[in-house]
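Notes follow the structure.
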Amino acid sequence: MKYWLFKSEPDSWSWERQKAKGKAGQQWDGVRNYQARNNMGAMEIGDLGFFYHSNQGLDVVGIVEVCALAHHDTTTDDPRWVCVDIRAVRDVPKPVTLNDIKANPKLADMVLVNNSRLSVQPVSAAEWKEVCSMGGIDPAP
DNA sequence: GCCAACGTTGGC
DNA sequence: GCCAACGTTGGC
């Protein structure tokens, strides 16, 4: 089981819209960055991820689950780009803001803090637990 | 709206 | 294969 973080601007794809997709999930398309793509390639069914709102909100608002392995991104003809499908699992009761994360020394190594431009990033098990508890979730949904 | 950081492109 | 120029992301 691995953990991830998915970033999205609420203007283009919000947590509300993700939740509206329900169990069917949604392909995480539009990624045109090799690192982010490689991360998706490493995902397995059942991996969990944080859903983070960038630009507006700047907080972790939900938990998602990978429900389809990496496959071709149908929004482009370029075969280089793939994406996974994710589905909403639950809300984060107390959204964890970027400021909260930056203020927590245990999270100083999070990619979110150190490489803010990477839109799909790995999260360590320790970081996962910490952010969950900050968000009011007993880790292991 | 601005700007810093980063990634990508393309000329050499 | 290097590096300058450019484009994009995302926090502030």
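Naming: A, B, ... by sequence-line order, numbering from 1 per chain. Side chains are part of it too, since the values below use all heavy atoms of this structure and drop only hydrogens, waters and symmetry mates.
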* **5' to 3' contact window, DNA chain B with chain A (heavy-atom distance under 4.0 Å)** => B:dA5 to B:dT8
* Asked: With a 3.5 Å cut-off and no angle check, do the side chains of A:Glu130 and A:Asn104 form a donor-acceptor pair?
  -> yes
* Asked: Looking at OG of A:Ser54 and CD of A:Glu9, how far apart are the two atoms once the value is rounded to the nearest 0.5 Å?
  -> 4.5 Å
* Taking atom types as modelled, find out whether A:Asp73 and A:Thr76 have a side-chain donor-acceptor pair closer than 3.5 angstrom. => no
* To do: Would you tell me whether A:Arg37 and A:Ser119 have side-chain atoms, one donor and one acceptor, within less than 3.5 Å of each other?
  => no
* To do: With DNA chain B as reference, determine whether A:Asn55 or A:Arg117 sits nearer its 5' end, using the nearest nucleotide of each.
  => A:Asn55
* Set of residues satisfying side-chain hydrogen bond (donor to acceptor under 3.5 Å, both in side chains) with respect to A:Asp59, sequence neighbours excluded -> none
